Q: 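The structure follows.
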2 protein chains.
Amino acid sequence: MTIKVMLADDQALVRGALAALLELEQDLTVVGEVGDGTEVVDAATEKRPDVVLMDVEMPGLDGISATAELRKALPDCRVLIVTTFGRPGYLRRGLQAGAAGFVVKDTPARELADAVRRVHQGLRVVDPALATDSLIAGESPLTARETDVLRAARGGGTVADIARELFLSEGTVRNHLSAVIGKTGARTRAEAAQIAEANGWL
Amino acid sequence: MTIKVMLADDQALVRGALAALLELEQDLTVVGEVGDGTEVVDAATEKRPDVVLMDVEMPGLDGISATAELRKALPDCRVLIVTTFGRPGYLRRGLQAGAAGFVVKDTPARELADAVRRVHQGLRVVDPALATDSLIAGESPLTARETDVLRAARGGGTVADIARELFLSEGTVRNHLSAVIGKTGARTRAEAAQIAEANGWL
DNA sequence: GGCCTGGCATGACATCGGTCATGGGTGTCG
DNA sequence: CGACACCCATGACCGATGTCATGCCAGGCC
């Protein structure tokens, strides 16, 4: 009984390469590929994969939101998140969204097929080093609004730009940014944005 | 006559997957893999590949510098740069460093083997869309020192931090940043850093 | 109902940041 | 040599930014 796998990754070359890698295993077969988060649910509904390999960084819908959507539409379809960045927040949010496993792209290639099999069996697969990081880093200390403001601040615009973008007063934006800087332990908004990004809080 | 290929990419999973993809072709064989730019020359000297697939973003030595080193040590060994980001500056600097081809990771997987073959035949392989971008963007307008300062500014530190890091006076740092902001058409240093990064000037 | 948290706002203050003028030192090129 | 480009620095100006105090309102919780 072969396991049907679908790939969701925005880089076509990586997608094709992963397909080649998995097709080497007799018990695995790749039944579909998508390069956009919005296409995941449709393609999975049509192709009926047992496991979806999901990248986090994707155009359209990000992999975590796509995971949540997919779990709602097809609860029997398991998700293994395979991503470039081992951000603690990604792991946490991914699992909360219903992912069964979480693997970073610098794990050895030979372990991927095993991870797919484990996930298919209903087991959880999580990089141990990342799991401890996630425990240490904890959840995001930022409120929803603070996250919005910081996300908007990433672009490098001025306070006025951010205020216009979010329909807030400049003073409010400054207050939120001040709170964010305090919570992250940073000394400028840019530093705060970097810290938050490294932790997967954005 | 099979073409011997070596892979240089920091993500083990991608490396393994690309290997699987290329091994599907009868005329290609993967003779080595490295995950660090500093290992490229040593590994190539030992394995004698015909073509090296080189990622730009790597720990140790970046792919462009590694390309230059490799061309110096083994002039017969051709380099095909395969990277995530199609930054115009990467293309330009890669070709100047002696790369024979430049492919981004969202090109279709089936085209990779052909690109390797072309490069092996001594032809140049360049993504056409990227080539025009590179022409439009032109070379980096930043002086060496301005580039240093902007690179240091990326971290989000204050002017004082940057000045300390580069052993400059604060006023000088501000002047350089002001020049950078002017040249990039940005309105803050953060914006300037983003623009420069998107163009591969850092 | 009280109590707390979070979003939003205002105003005031000190500091930081970006701009400009100016000058001295280097090296290169015609 | 003179012209030019780049690096480094100083000082002054003003707008932007980060901090703080204070207030109002909505929603959740005991």
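Protein chains get the first letters and strands the later ones, always in sequence-line order, with residue 1 at the start of each. Everything numeric here is computed off the predicted structure, so don't read it as measured data.
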Q: dG6(C) C1' sits how many Å from H176(A) NE2, rounded?
A: 9 Å
Q: Can you give me every donor-acceptor pair (side chain of residues 5-21 of chain B, partner residue at least two apart or in another chain, under 3.5 Å) with its distance?
A:
residue : atom : partner : partner atom : Å
D9(B)   : OD1  : Q11(B)  : N            : 2.9
D9(B)   : OD2  : K105(B) : NZ           : 3.0
R15(B)  : NE   : E33(B)  : OE1          : 3.3
R15(B)  : NH1  : D9(B)   : O            : 2.9

Q: Over how many whole Å does the gap from L177(A) atom CG to dA9(C) atom P extend?
A: 14 Å
Q: Return whichever of K183(B) or A160(A) has its heavy-atom-nearest nucleotide of DNA chain D closer to the 5' end.
A: K183(B)
Q: Phosphate oxygens OP1/OP2 of dG18(D): is one of them under 4.0 Å from a side-chain N or O of R187(A)?
A: no
Q: Whole Å only: how far is the CG atom of L168(B) from the C1' atom of dT10(D)?
A: 14 Å
Q: Just to confirm, is there a sub-4.0 Å distance from OP1 or OP2 of dG18(D) to any side-chain nitrogen or oxygen of R189(A)?
A: yes
Q: Return yes if some donor-acceptor pair links the side-chain N/O of R87(A) with the main-chain N/O of E197(A) below 3.5 Å, else return no.
A: yes
Q: Measure from CZ on R145(B) to P on dA5(D) and round the result to the nearest Å.
A: 21 Å
Q: Just the rounded figure in Å: distance from P of dT17(D) to CG of D161(A).
A: 8 Å
Q: Separation of F167(B) atom CZ from dA9(D) atom C1', in whole Å?
A: 17 Å
Q: Between R174(A) (CZ) and dG15(D) (P), how many Å, whole number?
A: 14 Å
Q: With respect to the side chain of T143(A), which nucleotide from dT17(D), dG6(C), dG18(C) is positioned closest?
A: dG6(C)
Q: Would you tell me if any nitrogen or oxygen in the side chain of T172(B) comes within less than 4.0 Å of OP1 or OP2 on dA9(D)?
A: yes
Q: Between dG17(C) atom C1' and I162(B) atom CD1, what is the distance in whole Å?
A: 11 Å
Q: Please compare E146(A) and V159(B) by the position of their nearest nucleotide in DNA chain C and report the one closer to 5'.
A: E146(A)
Q: Does S178(A) make a side-chain N or O approach to OP1 or OP2 of dT19(D) shorter than 4.0 Å?
A: yes
Q: Could you point out which residue of I3(A), T29(A), V116(A), T2(A) forms a side chain to side chain contact (heavy atoms under 4.5 Å, CB included) with D50(A)?
A: I3(A)
Q: Look at the side chain of D114(B) and the backbone N and O of E111(B), then say whether any donor-acceptor pair between them is shorter than 3.5 Å.
A: no
Q: Going by side-chain hydrogen bond (donor to acceptor under 3.5 Å, both in side chains), name the residues that satisfy it together with E57(B), two or more places apart in sequence or in a different chain.
A: T83(B), Y90(B)
Q: Per the atom types in the model, does the base of dC8(C) pair as donor or acceptor with the side chain of N175(A) at under 3.5 Å?
A: no
